[in-house]
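Since the structure comes first, as structure tokens, the remarks are kept for the end.
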Amino acid sequence: MNIIRRELKSNFKSRMIWSVSMILLIIAVFIEFSAFKDSPEINDVLNAFPDSVLSALGMGNADMTTLSGFLSLISLYIYLPLSIHASLLGSSIISKEERDKTAEFLFTLPVSRKKVIVNKIIASTLEVISLNFLTALTIVIMGLQHNPDEKFYKFLLLLFLGIFLTQLIFLSIGILIASITKRYKKSGNISLTILFVTYIISVLMGLTDKIDFLKYITPFEYFKSSYILENLELKLVYIVISVIIIAISMIGTFRVYPKRDLYI
């Protein structure tokens, strides 16, 4: 518990910055929605764009004048920053001990490396959950003024479950990268590179069907808001793939990090 409290305390400033940023983003989004909800002609403007372009931008055929439809269309602005946060958090939660020159002190305590890793994973997961919940709560509060229906709440719940799984994927990958790389400065760059490469693949898949087979390697394709809005469900196959990726990353971390020489 001491390690968990230490991590949560050391990340307080970063957590506040991310929290305020996401709250302001959601507020800005709902101000924009207030301008769209009484303007059905906005849908005609969107329909003028090719379907491939809308798909590449993560925008399906949702109705921008409804709360659920608008949230579906702007969901990328939620997916991306929350995934970046998780990726950076994962890559730094372990490597920062080497960066801040505290590794020698931490690992000379009567605590095994595996126990340290477990506590750091718990702390980082709590961070991810808190930012995810805060973002969803802000959407609920801002959405109350627009009289959301039951479908909106179910869509919101499923959407954020999908976002949470996506966050855990990039968090676990970031932790694994930090465990493998011997230079702490590289872990964040590698983790973000993986994230943006998978995002670019997702964008390209919206432009052409020729690379559709790559949908299994980019988490941004697993829980697309347009599918969730239309079917009000998450695809089981992608839930299973997500769990497998997370499990492999965690197993790799526990196998590699306890044996790695620390950069002090």
Side-chain angles (χ1 to χ4, degrees), residues 14-37 46 54-64 66-90 124-146 148 151-171 173-174 191-192 195-196 198-203 206 218-235 238-239 242:
S14 172
R15 186 164 61 250
M16 288 300 100
I17 292 174
W18 276 99
S19 298
V20 172
S21 298
M22 291 307 301
I23 290 173
L24 292 177
L25 174 62
I26 299 304
I27 291 174
V29 162
F30 273 88
I31 291 175
E32 188 177 3
F33 174 68
S34 298
F36 287 153
K37 68 174 183 177
L46 283 178
L54 295 179
S55 179
L57 295 175
M59 304 170 67
N61 296 319
D63 185 354
M64 284 193 71
T66 66
L67 192 55
S68 297
F70 185 77
L71 181 59
S72 172
L73 290 169
I74 58 88
S75 62
L76 176 63
Y77 300 109
I78 302 173
Y79 263 103
L80 203 52
L82 292 185
S83 296
I84 291 173
H85 166 263
S87 181
L88 289 174
L89 180 62
S124 58
T125 302
L126 290 174
E127 295 250 5
V128 165
I129 291 174
S130 66
L131 187 58
N132 183 290
F133 177 78
L134 178 65
T135 305
L137 180 62
T138 306
I139 291 176
V140 170
I141 293 173
M142 294 299 297
L144 288 175
Q145 59 185 310
H146 302 292
K151 180 182 178 181
F152 168 76
Y153 288 112
K154 186 173 183 180
F155 167 62
L156 182 67
L157 175 62
L158 290 171
L159 177 66
F160 272 85
L161 282 175
I163 293 174
F164 177 60
L165 286 172
T166 305
Q167 288 174 283
L168 289 184
I169 289 174
F170 287 112
L171 175 71
I173 291 176
S191 298
L192 284 181
L195 185 149
F196 284 115
T198 56
Y199 170 66
I200 292 172
I201 291 174
S202 177
V203 171
T218 168
F220 292 104
E221 288 291 311
Y222 294 174
F223 309 107
K224 300 198 75 168
S225 60
S226 55
Y227 176 86
I228 297 174
L229 179 61
E230 182 178 351
N231 299 278
L232 290 180
E233 66 176 16
L234 303 178
K235 285 188 177 181
Y238 291 128
I239 295 177
S242 299

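Listed here is the closest heavy atom pair of Pro219 and Ile169: CG-CG2, 3.8 Å. Of all heavy-atom pairs spanning Leu161 and Leu234, the tightest one is CB-CD1, 4.1 Å. Summarising the geometry of Ala86 relative to Gln167, their closest heavy-atom pair is CB-O, 3.3 Å, with the distance given to 0.1 Å. Annotation for Leu156 and Val140: closest pair CD2-CG2, 3.3 Å, computed over non-hydrogen atoms. Taking all atoms of both residues into account, the shortest heavy-atom contact from Ser72 to Ser225 is O-OG, 2.8 Å. In terms of heavy atoms, Tyr153 sits closest to Pro148 at OH-CG, 3.3 Å.
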Contacts table for residues 19-29: side-chain donor-acceptor under 3.5 angstrom, sequence neighbours left out:
unit_1: Ser19; atom_1: OG; unit_2: Arg15; atom_2: O; d: 2.7
unit_1: Ser21; atom_1: OG; unit_2: Ile17; atom_2: O; d: 2.7

Working for ring pair (Phe, Tyr, Trp, His ring centres under 6.0 Å), residues Tyr227 and Tyr222:
CA-CA 10 Å; Tyr227 176 86; Tyr222 294 174; over 10 Å; no
Set out, in order, the CA-CA distance, both residues' side-chain angles and the distance that settles side chain to side chain contact (heavy atoms under 4.5 Å, CB included) for Ile201 and Phe220, then state yes or no. CA-CA 9 Å; Ile201 291 174; Phe220 292 104; over 6 Å; no
Full working for side chain to side chain contact (heavy atoms under 4.5 Å, CB included) between Ile163 and Thr135
CA-CA 11 Å; Ile163 293 174; Thr135 305; over 6 Å; no
Q. For Phe152 and Leu71, what are the C-alpha separation, side-chain angles and deciding distance, and is it a side chain to side chain contact (heavy atoms under 4.5 Å, CB included)?
A. CA-CA 9 Å; Phe152 168 76; Leu71 181 59; 3.8 Å; yes
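Put simply, the side chain of Ser242 does not reach to within 4.5 Å of the side chain of Leu168, judged on heavy atoms. For the pair Leu165/Tyr238, no side-chain contact is recorded, criterion being any heavy-atom separation below 4.5 Å from C-beta on. Within the 4.5 Å cutoff, no side-chain heavy atoms of Phe170 are placed close to those of Leu89. Residues Ile141 and Phe30 fail the side-chain proximity criterion, which asks for heavy atoms closer than 4.5 Å. Looking at heavy atoms from C-beta onward, Trp18 lies in side-chain contact with Ile84 at the 4.5 angstrom threshold. Residues Tyr79 and Phe223 meet the side-chain proximity criterion, which asks for heavy atoms closer than 4.5 Å.
The number of heavy atoms from other shown groups lying within 6.0 Å of CZ (Phe196) is above 12.
Residue pairs meeting the salt bridge (charged side-chain N to carboxylate O under 4.0 Å, His left out) criterion with at least one partner in residues 71-85, sequence neighbours excluded, do not occur; the list is empty.
Side-chain N or O atoms of Ser87 include none that pairs as donor or acceptor with a backbone N or O of Ser83 at under 3.5 Å. Side chain of Thr198 to backbone of Thr218: no donor-acceptor contact under 3.5 angstrom is found.
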